[in-house]
Protein chains: 2
Amino acid sequence: MEKHAADCGTQGGYSCPVEATIDIIGGKWKSVILFHLIDEKKRFNELRRLIPGVTQRMLTLQLRELERDGIVHREIYKQVPPKVEYRLTAFGETLIPIIHQMMNWGMSYAAKISEARNRSAAEKL
Amino acid sequence: MEKHAADCGTQGGYSCPVEATIDIIGGKWKSVILFHLIDEKKRFNELRRLIPGVTQRMLTLQLRELERDGIVHREIYKQVPPKVEYRLTAFGETLIPIIHQMMNWGMSYAAKISEARNRSAAEKL
DNA sequence: CGGTATCCGCGAGGATACTG
DNA sequence: CAGTATCCTCGCGGATACCG
């Protein structure tokens, strides 16, 4: 690693700072999970209900990755029936501004996307 | 579509606004491409050089998707040797705040990620 | 309730070669 | 220079079944 960081601030094996970020939140469901954890901690099946498209398996996997990366904390209550709560860690909370920005953008322009895609799909005929 | 938007502002077939956003910029290289297009338009091989990990094929594919979604514009100069420039559209520029936020986060915390991953990898032994 | 375990298809994405 | 075209692999992610 002798190169003097071409143009971005190269760190941690990424060629560009946004690459690191997308590596963390780029999973299919991660940003959505984080979105739902912003306000308050949630139980596993709560998240499942909040995210209609996700399967149990995928929710588990994505949560495990977020846990590994130090973004969410998994609290297990030793009782029957079991109870597990997920919440953002302090580190995870540093992502909130990004999620908020993504939420705002999505609310403003989600409609335009379907529009643009329909247009280009129509042109293909 | 009769449901009254559970909790997020449901639009365009997404259950959550951030889902729409990640659908646009969630591709493996899209956010990095956008990052490099923020300041000024770039030629194809310029982008290749700026993004060491990307293959020619993937760069093309990701650019085509961004073009389809109305995020980038592709300007072809009819000459030999060919010259093609990519730049953000006005719509694409609405994503700049998100990219900036991702860049800032990446610069601040990219190091912590490798750290967290190394730790959890070490625990697995 | 909150998960694993297993099987499997499909498509994202890499490698290589060729082209206008 | 800026792409297609083709082939191939790998692992994401769905479906289903079972467990503490």
Side-chain angles (χ1 to χ4, degrees), chain A residues 13-16 19 22-33 36-37 40-69 72-87 117 120-121 124, chain B residues 13-16 19 22-34 36-37 40-69 72-87 117 120-121 123-124:
Chain A
Y14 298 109
S15 71
C16 167
E19 204 177 340
I22 206 66
D23 199 20
I24 295 294
I25 63 167
K28 191 172 184 185
W29 304 105
K30 288 182 184 176
S31 58
V32 185
I33 292 171
H36 289 295
L37 291 181
E40 48 183 345
K41 55 180 160 18
K42 298 268 159 60
R43 298 181 59 173
F44 186 82
N45 278 348
E46 251 182 303
L47 285 171
R48 270 187 88 178
R49 264 175 268 113
L50 287 168
I51 311 174
V54 80
T55 61
Q56 190 174 34
R57 175 188 141 86
M58 281 314 298
L59 183 55
T60 304
L61 287 174
Q62 302 269 298
L63 282 167
R64 289 296 125 86
E65 287 193 23
L66 290 169
E67 194 187 354
R68 177 200 61 185
D69 291 338
V72 306
H73 174 76
R74 181 161 169 258
E75 186 82 32
I76 306 143
Y77 296 84
K78 300 215 168 183
Q79 59 182 49
V80 282
K83 175 177 173 182
V84 177
E85 281 176 348
Y86 293 91
R87 60 171 177 77
R117 293 199 172 167
S120 79
K124 283 212 161 187
Chain B
Y14 297 109
S15 71
C16 166
E19 203 177 339
I22 207 64
D23 199 21
I24 295 294
I25 63 167
K28 190 172 183 183
W29 303 104
K30 288 183 184 176
S31 58
V32 184
I33 293 171
L34 295 179
H36 289 295
L37 291 181
E40 48 183 345
K41 55 179 161 18
K42 297 270 160 58
R43 298 182 59 173
F44 185 82
N45 278 349
E46 250 181 303
L47 286 171
R48 270 188 86 180
R49 263 175 269 113
L50 288 168
I51 312 175
V54 80
T55 62
Q56 190 173 34
R57 176 188 139 87
M58 280 315 297
L59 184 55
T60 305
L61 286 174
Q62 301 270 297
L63 281 167
R64 288 295 126 84
E65 287 192 25
L66 289 169
E67 194 186 354
R68 177 201 60 186
D69 292 338
V72 306
H73 174 75
R74 181 161 169 259
E75 186 81 33
I76 306 143
Y77 296 83
K78 300 216 168 182
Q79 59 183 49
V80 281
K83 175 178 170 181
V84 177
E85 281 176 348
Y86 293 91
R87 60 170 177 78
R117 294 200 172 166
S120 79
E123 284 166 9
K124 283 214 162 184

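Proteins come first, then strands; the chains are lettered A, B, ... in the order of their sequence lines, and each starts at number 1.
The backbone N or O of A/Lys42 lies less than 3.5 Å from no partner atom in the side chain of A/Glu46, so there is not a single donor-acceptor pair.
When the P atom of D/dG20 is taken as reference, atom CZ of A/Phe44 falls 18 Å away, rounded to whole Å. Atom CD in B/Glu75 sits about 13 Å away from atom P in D/dA2, given to the nearest Å.
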Between the protein and nucleotides 10-17 of chain D, which nitrogen or oxygen pairs come in under 3.5 angstrom?
residue, atom, partner, partner atom, Å
D/dG13, N7, A/Arg57, NH2, 2.5
D/dG14, OP2, A/Thr55, OG1, 3.4
D/dG14, N7, A/Arg57, NE, 3.4
D/dG14, O6, A/Arg57, NE, 3.2

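Put simply, the side chain of B/Leu63 reaches to within 4.5 Å of the side chain of B/Leu47, judged on heavy atoms. Taking the side chain as every heavy atom from C-beta outward, B/Val72 and B/Leu34 approach each other to under 4.5 Å.
As judged by a 4.0 angstrom heavy-atom cut-off over every strand, A/Tyr86 is placed among residues touching the sugar-phosphate backbone only. The residue A/Arg74 sits close only to the backbone: its heavy atoms come under 4.0 Å of sugar-phosphate atoms, none of a base.
With distances taken from any side-chain atom of A/Pro82 to the nucleotides D/dG3, D/dC1, D/dG20, the minimum falls on D/dG20.
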Run the side-chain contact (heavy atoms from CB on, under 4.5 Å) check on B/Asp23 and A/Arg117 step by step: do they pass? CA-CA 12 Å; B/Asp23 199 21; A/Arg117 293 199 172 167; 3.2 Å; yes
Chi angles and distances behind the side-chain contact (heavy atoms from CB on, under 4.5 Å) call for A/Ile22, B/Trp29: CA-CA 9 Å; A/Ile22 206 66; B/Trp29 303 104; over 6 Å; no
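A/Glu67 has a carboxylate O that lies under 4.0 Å from a charged side-chain N of A/Arg64, or vice versa, which qualifies the two as a salt bridge.
Bracketed by its first and final contacts, the part of DNA chain C lying under 4.0 Å from non-hydrogen atoms of chain B reaches from C/dG13 to C/dG20 in 5' to 3' order.
The residue from B/Lys30, B/Arg74, B/Lys28 that alone fulfils the salt bridge (Lys or Arg N to Asp or Glu O under 4.0 Å) condition with B/Glu65 is B/Lys30.
Remark: A/Arg87 pairs with A/Lys41, A/His73 by the side chain to side chain contact (heavy atoms under 4.5 Å, CB included) rule, at least two apart or across chains.
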